[in-house]
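The next block holds one structure in the form of C-alpha coordinates; read it before the comments.
Quick caveat, the model's predicted, so the values are computed rather than measured. Here is the naming used below: chain letters follow the sequence lines, and residue numbers restart at 1 for every chain.
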Amino acid sequence: MTTTVPTPPATPLPPLRGADWLLAHDPRLRLLAAGLFALVVVSLNQLSSSGAALALALGLTVAARLDARALARRLLALTGFLLIMLLTLPFTTPGTSWFTLGSLSASTAGRDLALLILCKATAVMLTLTILVGTLDPLAFAQALGRLGVPHRLTQLLLLTIRQIHLIDAESIRLRQALRARAFVPRTDWQTWRTYGWLIGMLLVRSFARAERLLEAMRCRGFRGRFYRLDTPTWRTADSLAALGWLLLLGGLLWFDQHADVQALGAML
Amino acid sequence: MTPMIAPLLELQRVSFDYHGQRVLHELDFQVYPGERVALIGANGAGKTTLLHLLVGLKRPSAGQIIAFGRVRMCEADFYDVRARVGLLFQDADDQLFCPTALEDVAFGPLNLGRSPQQARADALATLETLGLREFAERVTYRLSAGEKRLVALATVLAMRPEVLLLDEPTTGLDDATAARLTAYLATLEQTMLLVSHDGPFLAQLATRAVRLAGGTVAH
(Lines give C-alpha, C1' and ligand atoms only; values in the text may rest on other atoms or scores of the structure.)
Protein backbone atom coordinates (compact mmCIF):
# COMPACT_ATOMS: atom_id res chain seq x y z
CA MET A 1 0.00 0.00 0.00
CA THR A 2 1.58 3.23 -1.05
CA THR A 3 -1.33 5.65 -1.01
CA THR A 4 -0.15 9.11 -0.18
CA VAL A 5 -1.90 10.51 2.81
CA PRO A 6 -1.61 14.22 3.52
CA THR A 7 1.10 14.10 6.13
CA PRO A 8 0.26 15.93 9.32
CA PRO A 9 3.20 17.18 11.38
CA ALA A 10 4.59 14.67 13.87
CA THR A 11 3.74 16.92 16.79
CA PRO A 12 0.98 19.51 16.96
CA LEU A 13 3.58 22.07 18.03
CA PRO A 14 6.41 23.29 15.81
CA PRO A 15 9.89 22.45 17.09
CA LEU A 16 11.50 25.06 19.30
CA ARG A 17 14.89 26.38 18.30
CA GLY A 18 17.14 27.82 20.93
CA ALA A 19 19.96 30.33 20.63
CA ASP A 20 23.25 29.04 19.27
CA TRP A 21 25.01 29.14 22.63
CA LEU A 22 22.34 26.80 23.97
CA LEU A 23 22.60 24.36 21.06
CA ALA A 24 26.38 24.27 21.46
CA HIS A 25 26.12 22.64 24.87
CA ASP A 26 26.15 18.89 25.36
CA PRO A 27 22.58 17.50 25.58
CA ARG A 28 23.58 15.61 28.73
CA LEU A 29 24.47 18.89 30.42
CA ARG A 30 21.12 20.37 29.44
CA LEU A 31 19.22 17.37 30.78
CA LEU A 32 21.16 17.32 34.06
CA ALA A 33 20.92 21.07 34.48
CA ALA A 34 17.14 21.03 33.98
CA GLY A 35 16.72 18.04 36.29
CA LEU A 36 18.86 19.52 39.07
CA PHE A 37 17.14 22.88 38.78
CA ALA A 38 13.75 21.21 39.11
CA LEU A 39 14.90 19.31 42.20
CA VAL A 40 16.33 22.41 43.85
CA VAL A 41 13.32 24.57 43.05
CA VAL A 42 10.89 21.97 44.35
CA SER A 43 12.77 21.89 47.64
CA LEU A 44 12.59 25.68 48.13
CA ASN A 45 10.33 26.82 50.99
CA GLN A 46 10.42 30.59 50.77
CA LEU A 47 8.53 32.90 48.47
CA SER A 48 11.61 35.11 48.09
CA SER A 49 13.91 32.29 46.99
CA SER A 50 11.23 30.86 44.69
CA GLY A 51 10.88 34.32 43.17
CA ALA A 52 14.64 34.38 42.64
CA ALA A 53 14.40 30.98 40.91
CA LEU A 54 11.69 32.38 38.65
CA ALA A 55 13.87 35.41 37.90
CA LEU A 56 16.72 33.05 37.00
CA ALA A 57 14.41 31.08 34.70
CA LEU A 58 13.17 34.30 33.09
CA GLY A 59 16.77 35.43 32.57
CA LEU A 60 17.48 32.12 30.87
CA THR A 61 14.38 32.57 28.71
CA VAL A 62 15.55 35.97 27.52
CA ALA A 63 19.06 34.65 26.85
CA ALA A 64 17.74 31.63 24.93
CA ARG A 65 15.93 33.94 22.47
CA LEU A 66 13.08 31.53 21.81
CA ASP A 67 10.20 32.35 19.53
CA ALA A 68 7.84 34.02 21.99
CA ARG A 69 4.66 32.70 20.40
CA ALA A 70 5.89 29.11 20.28
CA LEU A 71 6.94 29.36 23.91
CA ALA A 72 3.58 30.84 24.93
CA ARG A 73 1.71 28.01 23.22
CA ARG A 74 3.73 25.49 25.16
CA LEU A 75 3.13 27.21 28.48
CA LEU A 76 -0.59 27.68 27.87
CA ALA A 77 -1.63 24.29 29.25
CA LEU A 78 0.22 24.87 32.51
CA THR A 79 -1.02 28.44 32.79
CA GLY A 80 -4.66 27.35 32.69
CA PHE A 81 -4.08 24.92 35.50
CA LEU A 82 -2.15 27.49 37.55
CA LEU A 83 -4.90 30.07 37.09
CA ILE A 84 -7.51 27.76 38.60
CA MET A 85 -5.18 27.12 41.51
CA LEU A 86 -4.48 30.83 42.00
CA LEU A 87 -8.20 31.53 42.15
CA THR A 88 -9.14 28.70 44.50
CA LEU A 89 -6.20 28.26 46.89
CA PRO A 90 -6.68 31.51 48.90
CA PHE A 91 -10.27 30.49 49.64
CA THR A 92 -9.56 26.88 50.51
CA THR A 93 -6.53 27.35 52.77
CA PRO A 94 -7.27 28.18 56.42
CA GLY A 95 -5.38 31.09 58.02
CA THR A 96 -5.58 34.79 58.84
CA SER A 97 -8.06 36.60 56.64
CA TRP A 98 -6.76 38.50 53.64
CA PHE A 99 -10.10 39.74 52.29
CA THR A 100 -13.67 38.49 52.21
CA LEU A 101 -15.91 38.03 49.22
CA GLY A 102 -19.48 37.63 50.40
CA SER A 103 -19.45 34.57 52.63
CA LEU A 104 -16.03 33.45 51.27
CA SER A 105 -12.87 34.38 53.11
CA ALA A 106 -9.46 34.42 51.44
CA SER A 107 -6.43 33.72 53.63
CA THR A 108 -2.98 35.26 53.39
CA ALA A 109 -1.48 31.78 53.86
CA GLY A 110 -3.44 30.57 50.83
CA ARG A 111 -2.29 33.57 48.82
CA ASP A 112 1.35 32.95 49.71
CA LEU A 113 1.00 29.24 48.94
CA ALA A 114 -0.55 30.00 45.55
CA LEU A 115 2.25 32.46 44.71
CA LEU A 116 4.88 29.97 45.87
CA ILE A 117 3.48 27.27 43.60
CA LEU A 118 3.12 29.75 40.73
CA CYS A 119 6.77 30.79 41.00
CA LYS A 120 8.08 27.24 41.34
CA ALA A 121 5.94 25.71 38.58
CA THR A 122 6.64 28.49 36.09
CA ALA A 123 10.37 28.44 36.84
CA VAL A 124 10.64 24.67 36.38
CA MET A 125 8.45 24.66 33.28
CA LEU A 126 10.46 27.47 31.66
CA THR A 127 13.85 25.85 32.29
CA LEU A 128 12.58 22.47 31.11
CA THR A 129 11.20 24.00 27.92
CA ILE A 130 14.40 25.91 27.24
CA LEU A 131 16.98 23.29 28.15
CA VAL A 132 15.18 20.07 27.20
CA GLY A 133 12.37 21.26 24.91
CA THR A 134 14.86 22.59 22.38
CA LEU A 135 16.60 19.21 22.03
CA ASP A 136 15.62 17.20 18.98
CA PRO A 137 14.07 13.84 19.94
CA LEU A 138 17.02 11.81 18.75
CA ALA A 139 19.56 13.86 20.68
CA PHE A 140 17.26 13.67 23.70
CA ALA A 141 17.02 9.87 23.54
CA GLN A 142 20.74 9.52 22.97
CA ALA A 143 21.58 11.79 25.89
CA LEU A 144 19.24 9.78 28.12
CA GLY A 145 20.99 6.60 27.00
CA ARG A 146 24.41 8.05 27.76
CA LEU A 147 23.19 9.10 31.19
CA GLY A 148 22.42 5.47 31.96
CA VAL A 149 18.75 5.17 31.03
CA PRO A 150 18.20 1.55 29.84
CA HIS A 151 18.51 0.96 26.08
CA ARG A 152 15.02 -0.48 25.87
CA LEU A 153 13.45 2.73 27.11
CA THR A 154 15.42 5.01 24.80
CA GLN A 155 14.65 2.71 21.85
CA LEU A 156 10.99 2.78 22.76
CA LEU A 157 11.13 6.57 22.75
CA LEU A 158 12.99 6.76 19.44
CA LEU A 159 10.69 4.35 17.62
CA THR A 160 7.57 5.91 19.09
CA ILE A 161 8.56 9.28 17.66
CA ARG A 162 8.38 7.89 14.16
CA GLN A 163 5.63 5.34 14.62
CA ILE A 164 3.16 7.65 16.30
CA HIS A 165 2.93 9.54 13.03
CA LEU A 166 2.29 6.36 11.04
CA ILE A 167 -0.45 5.30 13.45
CA ASP A 168 -1.96 8.75 13.11
CA ALA A 169 -1.84 8.49 9.31
CA GLU A 170 -3.41 5.03 9.58
CA SER A 171 -6.23 6.38 11.75
CA ILE A 172 -6.82 9.23 9.30
CA ARG A 173 -7.06 6.69 6.45
CA LEU A 174 -9.48 4.52 8.40
CA ARG A 175 -11.67 7.46 9.35
CA GLN A 176 -11.68 8.67 5.76
CA ALA A 177 -12.83 5.21 4.70
CA LEU A 178 -15.62 5.40 7.27
CA ARG A 179 -16.72 8.81 6.07
CA ALA A 180 -16.57 7.68 2.46
CA ARG A 181 -19.26 5.17 3.37
CA ALA A 182 -21.46 7.83 4.90
CA PHE A 183 -20.52 7.21 8.54
CA VAL A 184 -21.65 10.01 10.84
CA PRO A 185 -20.93 9.65 14.55
CA ARG A 186 -24.11 9.45 16.63
CA THR A 187 -24.85 8.29 20.14
CA ASP A 188 -26.05 4.86 19.16
CA TRP A 189 -24.70 1.32 19.28
CA GLN A 190 -23.66 1.40 15.64
CA THR A 191 -21.31 4.33 16.40
CA TRP A 192 -19.81 2.76 19.52
CA ARG A 193 -19.32 -0.55 17.72
CA THR A 194 -17.67 1.21 14.78
CA TYR A 195 -15.32 3.10 17.09
CA GLY A 196 -14.51 -0.16 18.85
CA TRP A 197 -13.58 -1.74 15.54
CA LEU A 198 -11.61 1.32 14.54
CA ILE A 199 -9.49 1.20 17.70
CA GLY A 200 -9.15 -2.57 17.48
CA MET A 201 -8.05 -2.34 13.85
CA LEU A 202 -5.55 0.39 14.72
CA LEU A 203 -4.03 -1.77 17.45
CA VAL A 204 -3.81 -4.81 15.18
CA ARG A 205 -2.32 -2.82 12.33
CA SER A 206 0.15 -1.04 14.59
CA PHE A 207 1.28 -4.37 15.97
CA ALA A 208 1.69 -5.83 12.47
CA ARG A 209 3.59 -2.73 11.41
CA ALA A 210 5.87 -2.95 14.43
CA GLU A 211 6.65 -6.55 13.48
CA ARG A 212 7.45 -5.61 9.89
CA LEU A 213 9.60 -2.71 11.11
CA LEU A 214 11.60 -5.01 13.37
CA GLU A 215 12.02 -7.45 10.47
CA ALA A 216 13.31 -4.64 8.25
CA MET A 217 15.70 -3.56 11.00
CA ARG A 218 16.96 -7.11 11.48
CA CYS A 219 17.56 -7.27 7.73
CA ARG A 220 19.85 -4.31 8.13
CA GLY A 221 21.85 -5.99 10.84
CA PHE A 222 20.02 -4.66 13.90
CA ARG A 223 20.74 -6.74 16.99
CA GLY A 224 19.19 -4.64 19.72
CA ARG A 225 21.63 -1.76 19.80
CA PHE A 226 21.48 1.64 18.16
CA TYR A 227 24.61 3.30 16.92
CA ARG A 228 24.66 7.01 16.34
CA LEU A 229 26.18 8.99 13.51
CA ASP A 230 27.29 11.97 15.53
CA THR A 231 27.96 11.79 19.21
CA PRO A 232 28.38 15.17 20.88
CA THR A 233 31.47 15.43 23.04
CA TRP A 234 31.65 17.02 26.47
CA ARG A 235 33.80 20.16 26.20
CA THR A 236 35.45 22.50 28.68
CA ALA A 237 32.69 25.00 28.01
CA ASP A 238 30.19 22.40 29.24
CA SER A 239 32.17 21.85 32.43
CA LEU A 240 32.34 25.61 33.02
CA ALA A 241 28.61 25.98 32.37
CA ALA A 242 27.93 23.08 34.74
CA LEU A 243 30.07 24.74 37.43
CA GLY A 244 28.29 28.07 36.97
CA TRP A 245 24.90 26.40 37.12
CA LEU A 246 25.84 24.50 40.30
CA LEU A 247 26.96 27.78 41.92
CA LEU A 248 23.66 29.43 40.99
CA LEU A 249 21.66 26.50 42.36
CA GLY A 250 23.78 26.49 45.53
CA GLY A 251 23.10 30.20 45.86
CA LEU A 252 19.36 29.57 45.56
CA LEU A 253 19.49 26.94 48.30
CA TRP A 254 21.57 29.19 50.54
CA PHE A 255 19.19 32.08 49.97
CA ASP A 256 16.28 29.82 50.84
CA GLN A 257 17.91 28.82 54.15
CA HIS A 258 18.99 32.37 54.89
CA ALA A 259 15.53 33.78 54.22
CA ASP A 260 14.21 31.09 56.51
CA VAL A 261 16.41 32.29 59.39
CA GLN A 262 15.27 35.87 58.82
CA ALA A 263 11.65 34.82 58.81
CA LEU A 264 12.21 32.89 62.05
CA GLY A 265 13.87 35.94 63.58
CA ALA A 266 10.94 38.10 62.57
CA MET A 267 8.52 35.64 64.12
CA LEU A 268 10.43 35.54 67.41
CA MET B 1 22.32 -22.29 -16.11
CA THR B 2 25.81 -23.61 -15.80
CA PRO B 3 25.57 -26.33 -13.16
CA MET B 4 29.29 -25.92 -12.43
CA ILE B 5 28.73 -22.66 -10.54
CA ALA B 6 27.37 -22.98 -7.02
CA PRO B 7 24.17 -21.03 -6.34
CA LEU B 8 24.42 -18.02 -4.03
CA LEU B 9 21.08 -18.75 -2.45
CA GLU B 10 19.21 -22.00 -2.50
CA LEU B 11 15.99 -23.47 -1.13
CA GLN B 12 15.91 -27.27 -0.92
CA ARG B 13 12.49 -28.91 -0.67
CA VAL B 14 11.28 -26.02 1.46
CA SER B 15 7.73 -26.04 2.82
CA PHE B 16 6.15 -23.20 4.71
CA ASP B 17 2.86 -23.19 6.58
CA TYR B 18 1.07 -20.07 7.69
CA HIS B 19 -1.85 -20.42 10.12
CA GLY B 20 -2.45 -24.00 9.01
CA GLN B 21 -2.32 -23.09 5.33
CA ARG B 22 0.45 -24.48 3.18
CA VAL B 23 2.02 -21.52 1.37
CA LEU B 24 5.06 -23.26 -0.08
CA HIS B 25 5.29 -26.99 -0.70
CA GLU B 26 8.62 -28.79 -1.17
CA LEU B 27 9.97 -25.91 -3.20
CA ASP B 28 13.35 -26.11 -4.90
CA PHE B 29 14.80 -22.79 -5.94
CA GLN B 30 18.25 -21.39 -6.73
CA VAL B 31 19.76 -18.01 -7.46
CA TYR B 32 23.12 -18.03 -9.24
CA PRO B 33 25.74 -15.25 -9.26
CA GLY B 34 25.01 -12.46 -11.72
CA GLU B 35 21.41 -13.49 -12.36
CA ARG B 36 18.40 -11.21 -12.21
CA VAL B 37 15.56 -13.60 -11.48
CA ALA B 38 11.98 -12.45 -11.87
CA LEU B 39 9.71 -14.10 -9.34
CA ILE B 40 6.14 -14.01 -10.56
CA GLY B 41 2.86 -15.50 -9.52
CA ALA B 42 -0.61 -14.61 -8.31
CA ASN B 43 -1.26 -12.64 -5.11
CA GLY B 44 -0.69 -14.90 -2.15
CA ALA B 45 1.46 -17.34 -4.14
CA GLY B 46 4.22 -16.98 -1.54
CA LYS B 47 6.61 -14.63 -3.33
CA THR B 48 7.17 -12.35 -0.34
CA THR B 49 7.36 -15.42 1.92
CA LEU B 50 10.14 -16.78 -0.26
CA LEU B 51 12.14 -13.56 0.09
CA HIS B 52 11.64 -13.55 3.86
CA LEU B 53 12.74 -17.19 4.08
CA LEU B 54 15.97 -16.37 2.23
CA VAL B 55 17.04 -13.80 4.85
CA GLY B 56 15.75 -15.77 7.82
CA LEU B 57 12.79 -13.59 8.77
CA LYS B 58 10.65 -16.71 8.49
CA ARG B 59 11.70 -20.28 9.20
CA PRO B 60 10.63 -23.12 6.90
CA SER B 61 8.34 -25.83 8.24
CA ALA B 62 10.48 -28.34 6.34
CA GLY B 63 13.47 -28.26 4.04
CA GLN B 64 16.77 -26.38 4.03
CA ILE B 65 18.01 -22.91 3.23
CA ILE B 66 21.53 -22.67 1.89
CA ALA B 67 23.18 -19.28 1.51
CA PHE B 68 26.72 -18.71 0.24
CA GLY B 69 27.48 -22.41 0.48
CA ARG B 70 26.34 -22.92 4.08
CA VAL B 71 23.15 -24.36 5.53
CA ARG B 72 21.40 -21.67 7.58
CA MET B 73 19.27 -22.78 10.48
CA CYS B 74 19.17 -20.36 13.43
CA GLU B 75 19.01 -16.58 13.83
CA ALA B 76 22.78 -16.25 14.25
CA ASP B 77 23.32 -18.13 10.95
CA PHE B 78 21.47 -15.36 9.16
CA TYR B 79 23.44 -12.40 10.59
CA ASP B 80 26.03 -12.48 7.84
CA VAL B 81 23.42 -13.45 5.23
CA ARG B 82 21.56 -10.21 5.97
CA ALA B 83 24.78 -8.25 5.61
CA ARG B 84 25.28 -9.74 2.13
CA VAL B 85 21.66 -9.91 0.96
CA GLY B 86 19.68 -6.67 0.91
CA LEU B 87 15.89 -6.92 1.11
CA LEU B 88 13.74 -4.02 -0.07
CA PHE B 89 10.34 -4.22 1.60
CA GLN B 90 7.02 -3.74 -0.16
CA ASP B 91 6.09 -0.79 2.01
CA ALA B 92 8.87 1.76 2.45
CA ASP B 93 7.20 2.96 5.66
CA ASP B 94 8.13 -0.38 7.21
CA GLN B 95 11.74 0.20 6.36
CA LEU B 96 12.30 3.83 7.24
CA PHE B 97 12.18 4.71 10.90
CA CYS B 98 14.88 7.28 11.60
CA PRO B 99 14.02 10.99 11.70
CA THR B 100 16.21 11.90 8.73
CA ALA B 101 17.05 10.05 5.52
CA LEU B 102 20.79 10.27 6.24
CA GLU B 103 20.42 8.59 9.62
CA ASP B 104 18.23 5.92 8.11
CA VAL B 105 20.68 5.14 5.34
CA ALA B 106 23.57 5.05 7.83
CA PHE B 107 21.70 2.67 10.15
CA GLY B 108 22.74 -0.50 8.27
CA PRO B 109 26.42 0.45 7.85
CA LEU B 110 26.62 1.36 11.57
CA ASN B 111 25.14 -2.03 12.47
CA LEU B 112 27.80 -3.68 10.32
CA GLY B 113 30.38 -2.11 12.60
CA ARG B 114 31.57 0.67 10.33
CA SER B 115 32.79 3.83 12.07
CA PRO B 116 30.40 6.80 12.21
CA GLN B 117 32.60 8.71 9.75
CA GLN B 118 32.65 5.76 7.34
CA ALA B 119 28.90 5.17 7.76
CA ARG B 120 28.16 8.83 7.07
CA ALA B 121 30.38 8.79 3.98
CA ASP B 122 28.75 5.58 2.73
CA ALA B 123 25.26 6.96 3.34
CA LEU B 124 26.00 10.24 1.57
CA ALA B 125 27.64 8.46 -1.38
CA THR B 126 24.66 6.12 -1.74
CA LEU B 127 22.19 8.99 -1.61
CA GLU B 128 24.32 10.83 -4.16
CA THR B 129 24.28 7.97 -6.67
CA LEU B 130 20.51 7.72 -6.37
CA GLY B 131 20.18 11.46 -6.92
CA LEU B 132 18.89 11.94 -3.38
CA ARG B 133 21.68 14.10 -2.02
CA GLU B 134 19.33 16.94 -1.14
CA PHE B 135 17.12 14.55 0.85
CA ALA B 136 19.86 13.68 3.35
CA GLU B 137 18.66 16.01 6.08
CA ARG B 138 14.98 15.73 5.18
CA VAL B 139 12.60 14.13 7.62
CA THR B 140 11.64 10.70 6.22
CA TYR B 141 7.93 10.88 6.99
CA ARG B 142 7.55 14.04 4.94
CA LEU B 143 8.86 12.38 1.76
CA SER B 144 6.50 11.34 -1.03
CA ALA B 145 5.84 7.66 -1.73
CA GLY B 146 8.36 7.64 -4.60
CA GLU B 147 11.03 9.41 -2.59
CA LYS B 148 10.48 7.02 0.30
CA ARG B 149 10.96 4.03 -1.99
CA LEU B 150 14.24 5.43 -3.33
CA VAL B 151 15.49 6.25 0.17
CA ALA B 152 14.52 2.73 1.27
CA LEU B 153 16.56 1.37 -1.64
CA ALA B 154 19.45 3.58 -0.51
CA THR B 155 19.25 2.11 3.01
CA VAL B 156 19.72 -1.34 1.50
CA LEU B 157 22.44 -0.36 -1.00
CA ALA B 158 24.51 1.48 1.61
CA MET B 159 25.32 -1.90 3.16
CA ARG B 160 26.91 -2.90 -0.18
CA PRO B 161 25.06 -6.23 -0.48
CA GLU B 162 26.01 -8.89 -3.03
CA VAL B 163 22.39 -9.86 -3.66
CA LEU B 164 19.31 -7.64 -3.82
CA LEU B 165 15.85 -8.97 -3.05
CA LEU B 166 13.31 -6.44 -4.29
CA ASP B 167 9.69 -6.85 -3.27
CA GLU B 168 7.48 -5.02 -5.78
CA PRO B 169 9.88 -2.09 -6.15
CA THR B 170 7.81 -0.22 -8.74
CA THR B 171 4.36 -0.61 -7.17
CA GLY B 172 2.79 2.73 -6.39
CA LEU B 173 5.42 4.74 -8.27
CA ASP B 174 4.55 7.07 -11.12
CA ASP B 175 5.97 6.25 -14.56
CA ALA B 176 8.85 8.70 -14.35
CA THR B 177 9.99 7.51 -10.92
CA ALA B 178 9.57 3.86 -11.91
CA ALA B 179 11.65 4.48 -15.06
CA ARG B 180 14.33 6.21 -13.00
CA LEU B 181 14.43 3.29 -10.56
CA THR B 182 14.56 0.71 -13.38
CA ALA B 183 17.36 2.56 -15.14
CA TYR B 184 19.33 2.75 -11.93
CA LEU B 185 18.85 -0.94 -11.10
CA ALA B 186 20.02 -1.82 -14.63
CA THR B 187 23.39 -0.23 -13.85
CA LEU B 188 23.93 -2.34 -10.72
CA GLU B 189 26.10 -5.43 -10.81
CA GLN B 190 24.39 -7.20 -7.93
CA THR B 191 22.55 -10.46 -8.34
CA MET B 192 18.85 -9.72 -8.04
CA LEU B 193 15.62 -11.43 -7.18
CA LEU B 194 12.71 -9.33 -8.39
CA VAL B 195 9.17 -9.82 -7.19
CA SER B 196 6.88 -7.75 -9.37
CA HIS B 197 3.67 -7.62 -11.37
CA ASP B 198 5.13 -4.91 -13.57
CA GLY B 199 5.72 -6.55 -16.97
CA PRO B 200 7.82 -3.83 -18.62
CA PHE B 201 9.97 -3.52 -15.49
CA LEU B 202 10.74 -7.25 -15.47
CA ALA B 203 11.25 -7.36 -19.25
CA GLN B 204 13.92 -4.67 -18.91
CA LEU B 205 15.83 -6.23 -16.04
CA ALA B 206 15.22 -9.96 -15.59
CA THR B 207 17.48 -12.62 -17.09
CA ARG B 208 15.03 -15.43 -16.28
CA ALA B 209 11.62 -15.84 -14.71
CA VAL B 210 10.29 -18.26 -12.13
CA ARG B 211 6.56 -18.64 -11.62
CA LEU B 212 5.21 -19.66 -8.25
CA ALA B 213 1.87 -21.49 -8.26
CA GLY B 214 0.32 -23.95 -5.86
CA GLY B 215 3.20 -23.49 -3.44
CA THR B 216 5.86 -24.64 -5.85
CA VAL B 217 7.68 -23.63 -9.02
CA ALA B 218 5.42 -23.91 -12.06
CA HIS B 219 7.13 -24.78 -15.32
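Interface remark: B:Thr155 contributes backbone and side-chain atoms alike to the contact with chain A (heavy atom separation under 4.5 Å). Heavy atoms of A:Leu213 lying under 4.5 Å from chain B belong to its backbone as well as its side chain. Neither the backbone nor the side chain of B:Gln117 comes within less than 4.5 Å of any heavy atom of chain A. At a 4.5 Å heavy-atom cutoff, the contact between B:Leu57 and chain A is made by backbone and side-chain atoms alike. With a 4.5 Å cut-off on non-hydrogen atoms, B:Leu88 does not touch chain A at all.
Of the possible donor and acceptor atoms, none in the side chain of A:Thr154 sits under 3.5 Å from a partner among the backbone N and O of A:Gly145.
The aromatic rings of B:Tyr18 and B:Phe16 sit parallel, their planes meeting at an angle under 30°, below the 60° perpendicular limit. Taking the six-membered ring where tryptophan is involved, the planes of B:His52 and B:Phe89 are tilted, since the angle between them lies from 30° to 60°.
Of the listed residues (B:Val85, B:Asp93, B:Leu110, B:Asp94), the greatest number of heavy-atom pairs within a distance under 4.5 Å of chain A belongs to B:Asp94.
Judged by the 6.0 Å distance and 45° axis criteria, B:Arg84 is positioned over the aromatic ring of B:Phe68.
One side chain, B:Thr100 or B:Glu103, offers a donor N or O that lies under 3.5 Å from an acceptor on the other.
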